[in-house]
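Everything numeric here is computed off the predicted structure, so don't read it as measured data. Order of the sequence lines sets the chain letters (A, B, ...), proteins ahead of strands, with each chain counted from 1.
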Amino acid sequence: MERAFDPARVEPRWRALWEERSLYRADPASDKPPFCMVIPPPNITGRLHVGHGLNNTLQDMVARWKRMSGYDVLWVPGSDHASIATHVMIERELEKEGLTRQQLGREKFMERAWAWKEKFGGEIGEQLRRLGASCDWSRERFTMDPGLSAAVREVFVRLYEDGLIYRDRYLINWCPRCRTAVSDLEVVHKEMQGKLWTVRYPLEGGGWISVATTRPETILGDAAVAVHPEDDRHRAVVGRTAIVPAVGRRIPVVADPFVDPNFGTGAVKVTPAHDPNDFLAGRRLGLDPIVVMDESARMTSEAGPYSGMDRFVCRERLLDQLRSEGLLLEEKDHLLSLGRCQRCDTIVEPMISLQWFVKIEPLARPALEAVESGRIRFVPDQWRKTYYEWMRNIKDWCISRQLWWGHRIPAWYCDSCGVTIVSRRDPDKCGTCGCLSLTQDPDVLDTWFSSGLWAFSTLGWPESTAELRRYYPTTLLVTGYDIIFFWVARMVMMGLKFMDEIPFKDVYFNGLVRDAKGEKISKMKGNTVDFFELMETYGTDAVRLTYASLSSPGSDVALAPGRLDGSRAFANKIWNAVRFARPHLEAGAWSSPPRREHLSEADRWILSRCSRVAQVVDEAMESYRFDEATAAIYRFAWHELCDWYLEMSKPALAAPNTPAGEAARGTLGHVIDRLLRMLHPFMPFITEELWQSLPRPAGSADRPVSIAIALFPLREPEMEDAAAERALEILMEQVTVRRNLAAGKEALVARDVPAHIRPFTEEARQVLERHRDTIAGLTRSAAPQIVQFSTAREGWVPIRGVTSCTEFTLFLTGGAEIEAERARLNKEIERLAKELTVHEAKLANEGFLSRAKAEAVEKVRAGHRDLTDRIARIRKTLEQLGA
RNA sequence: GGGCGGUUAGCUCAGCGGGAGAGCACCUGCCUUACAAGCAGGGGGUCACUGGUUCAAAUCCAGUACUGCCCACCA
């Protein structure tokens, strides 16, 4: 067995076994209690990234833990067609070929999209397996597979029949690059330095009124100028007619309270076709919208001389014209928040358009209640507020997209009478006029429409399947907080509407993954971390452990190399602990749990600790404290089992045929076995490898084929032993103080001169009497004497340390050796003092620091501190020598 | 403009009413027959600031300052 853990050699083997044996297959007929999660389906737009890594690692930890705890676990895997996101990816490819999707045509485009899906959809599965994800692959779903498409259609029709889906001409967000409507959520607002222009509109019959705008090109679509009804400055102009510059349109000056009299000039241009506020104002005031931009954001014929021009070119030209006509009064910098397309970053344009909407309020009300009442629990709790905030101010959801990749809207329009037919089955004729010529709506649905159904559509809805009956509502959803509105909220609404039941009981929101410096990872910044390289470098288990150890509720996860290093070191530590244990376990029979009669105090101590840690881990998992669970195991494995127990039990293990040896062997086997099992959800590969490599205890039933289906360790009250724990605390304290006293004075510590321990209590005395040899072994020295008074010894120098229950006296060699050591140390101080002088001079010379030099100086300072420290330490040793 | 977080050792983070902690980095000594990705020891923090509550505050309350994120139609 190799001296170091090599993940690359170990991981593939177990992935194969897990797959072959279908270990993660759920069984609706099982008599175990069900536990179900649906994966947040990754988009088929590309490879998984570190964020997916975190999300799926946490899910897998819960899945494995629950499976080992006796649940029938169903973790449904799958992927999302990601309508608009996939469009953007494919269109980027097309662009390289000099094509647009319109040139390619709908059919050809769909072929490409399906090919894309085949490629990336498949890779997603591979990548999840690579991570060790214990999904039920036999139940893998895709948002556009036939079953889910049927669910989408059923939902659309039912919502339509219930009057919750309607079609309307309304002002929506339009992405001119994607050439589709997008929902409010798909618009990302970014602050930018822009300009605010003040423009003068002539009034008919003389005079003028000036208005401010950040988008001058919309002037061409103005339908009115509005002022506040109470604004005295403008009272006189209300009712008069203004002339729109450049196009000469005559528009009214109106009064409406939506105008803020304190902003700009107090008068505002009204462009009902291209601004949300103005759209509503226009409806209120009965103004006709004038559409001046088309679907590519080029100016329409309504824009007169600017017709056919790009919106931003038009802006500049128009400004030139206004300037030359003396109508541009002012131009100043203005901070503005620009809406951009979430997927392609193009500046979106508010546009009037005929779209399908979901009337959301009736769906939102029960969804709000489900969380308020606690039927659905959010972890961490703080996200409830965010959810409430959004739900209480929710607006109708624009669900139609002028795209091709997605679920086509099941609506047909009669070519002769124009009636709309929404139907579960494709209609062949118009039910109203009998006409045979019907045209299906060309649009597809927002990608989130289908993901909103994911919790039940993946289980077979609208069919009443065994899965649906058994696993719905699902138990837990693990997802990122960035899709709380996009996805979580919509699943709650859809679940309640169509299943009449919440979609999940708990929602755990994992953090965002950030880079080593804690900064948000983005392609723009160029600080992306390749997830697969990460696993390559550190091993999947170490990456998983790092994710878990950094997952404290409500905080993001920074991929700090230090943490990853620590996890990798831990994997190696476990590897070597088992490498040490294996020959002993192979040397003779052992039973688990070990027979009690010959157990040493150390045995009883580690068994007791093992039980307590199992309980801590189980409780931590129950409350989704992955950080606490892994910290408890880490500490136990490294700092209790390895640092103390393995060292203490070596003498007993060396004598396998004695009762003590057998007891130690049994203890070791028992504890290692349980450690591996409790660690398995976090580090599945290494634990499987090691667990499989161990001989099984005598007389045990056949071992499960995989540790993944072994039982998760629980507390064993009969193993808990407070007396042994207390005794070991005393013992460890003595060893530590002995090491402490000797540290740095190795030359002066006599191995053959016993130390004295003066116990303060009878309890301590008894413990120490029992463990004199253990102390000797762990400190590589002679056994200490347990004394009532520590007496001075001729020719030896005592140094003393006090513990909670003893005074520990260590004797150093006396006389000549001390003098020699003193001389050596004095010389060392001299040398360091010289070095220190140099440092001080350097620091003094710095005077004014250029910023660039600051770092170098900081280094010198650190060196300075170190030197000072070292001198102080040596002085301390000298003092002790003098004592 | 609203809302939610964060500010603890050089770095990444736990702790959230009585002892200031972990991993990494750093320093010292060790290749001790599981592990040098290791062992043993060590240094390092007015727990952002101010005020309040309390016998007691990193921890509770109020405010301040930075900082991150979400939401929002102010032209």
Side-chain angles (χ1 to χ4, degrees), chain A residues 1 3-5 171 184-185 189 196-198 211-215 218 226 258-260 262-271 275-281 334 336-337 339 350 380 382-383 385-386 388-390 393 481-482 484-485 511-512 514 516-520 538 542 546 549-552 554-584 625 627-628 631 634-635 638-639 642-643 646-647 650 735-736 739-747 778-780 858 862 865-870 872-874:
Chain A
M1 186 171 168
R3 285 170 69 89
F5 172 50
L171 195 93
D184 294 343
L185 281 179
H189 294 275
L196 181 68
W197 291 275
T198 306
V211 300
T213 181
T214 55
R215 298 189 297 150
T218 62
F258 89 97
V259 180
D260 176 359
N262 299 315
F263 187 92
T265 61
V268 58
K269 59 195 268 323
V270 182
T271 321
D275 181 275
N277 254 334
D278 297 3
F279 176 73
L280 295 174
H334 183 74
L336 49 91
S337 158
Q382 67 200 50
W383 292 111
K385 285 186 190 165
T386 308
Y388 294 159
E389 200 59 33
W390 190 68
N393 300 300
Y481 57 78
D482 50 332
I484 185 166
F485 308 137
L512 237 55
R514 298 170 174 278
K517 283 177 265 172
E519 286 185 30
K520 195 168 175 174
Y538 294 96
T546 308
S549 71
L550 287 171
S551 285
S552 55
S555 67
D556 288 342
V557 171
L559 283 174
R563 293 300 200 106
L564 287 156
D565 286 334
S567 300
R568 177 169 51 177
F570 181 68
N572 202 45
K573 189 74 181 173
I574 297 293
W575 180 263
N576 280 294
V578 174
R579 200 159 71 93
F580 165 80
R582 184 181 304 100
H584 295 295
R625 288 303 304 260
D627 58 331
E628 285 181 358
Y634 183 100
R635 175 191 226 92
W638 200 315
H639 298 304
C642 292
D643 286 354
L646 293 188
E647 296 304 327
K650 276 176 182 173
V735 172
T736 303
R739 286 167 173 167
N740 240 308
L741 292 173
K745 296 184 271 289
E746 281 77 6
L778 293 175
T779 56
R780 302 167 177 281
E858 195 37 56
R865 276 196 301 271
D866 280 345
L867 287 174
T868 321
D869 288 351
R870 279 166 73 180
R873 249 177 285 135
I874 293 173

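- With B:rA40, B:rC35, B:rC70 as the candidates, the nucleotide lying closest to the side chain of A:Arg3 is B:rC35.
- Across all strands shown, B:rC13 is found opposite B:rG21 as a Watson-Crick or G-U wobble partner, with both distances under 3.5 Å.
- Across all strands, A:Phe279 comes closer than 4.0 Å to no nucleic acid atom at all (heavy-atom distances).
- Contact annotation: A:Trp383 side-chain N/O to B:rG3 OP1/OP2 distance is not under 4.0 Å.
- Nucleotide B:rC39 forms a pair with B:rG29, judged by Watson-Crick or G-U wobble geometry with both contacts under 3.5 Å.
- Contact annotation: A:His639 side-chain N/O to B:rG23 OP1/OP2 distance is under 4.0 Å.
- Among the nucleotides B:rC69, B:rA37, B:rG15, the one closest to the side chain of A:Asn572 is B:rA37.
- When each of B:rC69, B:rG42, B:rA72 is scored by its nearest atom to the side-chain atoms of A:Asn740, the top-ranked nucleotide is B:rG42.
- The side chain of A:His189 sits closest to B:rA72 out of B:rC74, B:rA72, B:rG23.
- For B:rC30 and B:rC66, the C1' atoms lie 46 Å apart once the distance is rounded to whole Å.
- Among the atoms of the strands shown, none is found under 4.0 Å from any heavy atom of A:Trp197.
- When the C1' atom is compared between B:rU53 and B:rG17, the two are found 12 Å apart, to the nearest whole Å.
- A:Arg514 places its CZ atom 6 Å from the C1' atom of B:rG68, with the value rounded to the nearest Å.
- The side chain of A:Ser552 contributes no N or O atom lying less than 4.0 Å from OP1 or OP2 of B:rC13.
- Residue A:Asn576 places no side-chain N or O under 4.0 Å from the OP1 or OP2 atom of B:rG38.
- Rounding to whole angstrom units, CZ of residue A:Phe5 and P of B:rG38 are separated by 15 Å.
- Between A:Thr546 and A:Phe570 there is no side-chain heavy-atom pair separated by less than 4.5 Å.
- For A:Arg739, the CZ atom sits in a packed shell: over 12 heavy atoms of surrounding residues, nucleotides or ligands are nearer than 6.0 Å.
- Residue-level contact check: A:Phe570 touches neither bases nor backbone, having no heavy atom under 4.0 Å from any strand.
- Out of B:rA75, B:rA72, B:rA40, the shortest distance to the side chain of A:Ser337 is found at B:rA72.
- Rounded to whole Å, the separation between the C1' atoms of B:rG10 and B:rC26 comes to 9 Å.
- Between A:Lys269 and A:Asp275 there is no salt bridge, since no side-chain nitrogen of the basic residue lies less than 4.0 Å from a carboxylate oxygen of the acidic one.
- Judged by Watson-Crick or G-U wobble contacts below 3.5 Å, the nucleotide B:rG1 has B:rC71 as its partner.
- Judged by distance alone, with hydrogens and angles left aside, the side-chain atoms of A:Asn572 form no donor-acceptor pair with the main-chain N or O of A:Ala4 at under 3.5 Å.
- The P atoms of B:rC70 and B:rG18 are separated by 35 Å, rounded to the nearest whole Å.
- Both A:Ala212 and A:Arg579 sit near RNA chain B, but only A:Arg579 has its closest nucleotide nearer the 5' end.
- As rounded to whole Å, 8 Å separates atom P of B:rC16 from atom CZ of A:Arg625.
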Worksheet item: Passes side chain to side chain contact (heavy atoms under 4.5 Å, CB included), A:Trp197 versus A:His334? Steps please.
Response: CA-CA 9 Å; A:Trp197 291 275; A:His334 183 74; over 6 Å; no

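- For the pair A:Lys650 and B:rA34, the criterion of a side-chain N or O lying under 4.0 Å from OP1 or OP2 is met.
- In this structure, A:Lys650 forms a cation-pi arrangement with A:Phe580, its terminal cationic atom sitting closer than 6.0 Å to the ring centre and no more than 45° off the ring axis.
- Here A:Ala516 lies in heavy-atom contact (under 4.0 Å) with sugar-phosphate atoms only.
- Rounded to whole Å, the separation between the P atoms of B:rC13 and B:rG6 comes to 13 Å.
- Residue side chain A:Lys573 reaches the base of B:rC35 through a donor-acceptor N/O pair under 3.5 Å, judged by distance alone.
- In terms of polar N and O atoms assigned as donor or acceptor, the side chain of A:Glu647 comes within less than 3.5 Å of the base of B:rA34 in a complementary pairing.
- Among the atoms of the strands shown, none is found under 4.0 Å from any heavy atom of A:Asp482.
- Between A:Ser549 and A:Asp627 the shortest heavy-atom distance is O-CB, 3.5 Å.
- Per the geometry, NZ belonging to A:Lys269 stands 16 Å off P belonging to B:rC74, to the nearest Å.
- For B:rU64, the paired base is B:rA48 (Watson-Crick or G-U wobble, both distances below 3.5 Å).
- Between A:Leu550 atom CG and B:rU12 atom P there is a gap of 11 Å when expressed in whole angstrom units.
- If you take atom P in B:rG19 and the same atom in B:rC74, they sit 49 Å apart, rounded to whole Å.
- Look at A:Ser555 and you'll find a side-chain N or O under 4.0 angstrom from OP1 or OP2 of B:rA14.
- A:His334 has a side-chain polar atom (N or O) that falls below the 4.0 Å cut-off from OP1 or OP2 of B:rA75.
- Taking for each of A:Ala558 and A:Ala577 the nucleotide of RNA chain B with the nearest heavy atom, the 5'-most of the two is the partner of A:Ala558.
- Taking 4.0 angstrom as the limit, A:Arg563 places none of its side-chain polar atoms (N or O) nearer than this to OP1 or OP2 of B:rU12.
- Rounded to a whole angstrom, the distance from the P atom of B:rG29 to that of B:rC35 is 23 Å.
- Atom name C1', nucleotides B:rC47 and B:rA22: the rounded distance is 15 Å, in whole Å.
- Checking B:rA75, B:rC13, B:rA72 against the side-chain heavy atoms of A:Val259 singles out B:rA75 as nearest.
- Side-chain atoms of A:Tyr481 and A:Asp556 form a donor-acceptor pair, as typed in the model, at a separation below 3.5 Å.
- Using a 4.0 Å heavy-atom criterion, one finds that A:Leu646 contacts the bases of the nucleic acid, with or without backbone contacts as well.
- Rounded to the nearest 0.5 angstrom, A:Glu389 CD and A:Ile484 CD1 are separated by 11.5 Å.
- Nucleotide B:rA58: unpaired (no Watson-Crick or G-U wobble partner with both distances less than 3.5 Å).
- When the nucleotides B:rG41, B:rA75, B:rC4 are ranked by their closest atom to the side chain of A:Thr214, B:rA75 comes out on top.
- Following rounding to the nearest Å, A:Leu559 (CG) and B:rC24 (P) show an atom-to-atom distance of 17 Å.
- Which of B:rC73, B:rA37, B:rA34 sits closest to the side chain of A:Pro276 comes down to B:rC73.
- Taking atom CH2 on A:Trp575 and atom P on B:rA36, their separation rounds to 14 Å, with Å as the unit.
- In this entry the distance linking CG of A:Asp565 with C1' of B:rG38 reads 14 Å, nearest Å.
- In this structure the side chain of A:Val211 never reaches within 4.5 angstrom of the side chain of A:Val268, judged on heavy atoms.
- Relative to the side chain of A:Thr736, the nucleotides B:rC4, B:rA34, B:rG41 differ in distance, and B:rG41 lies closest.
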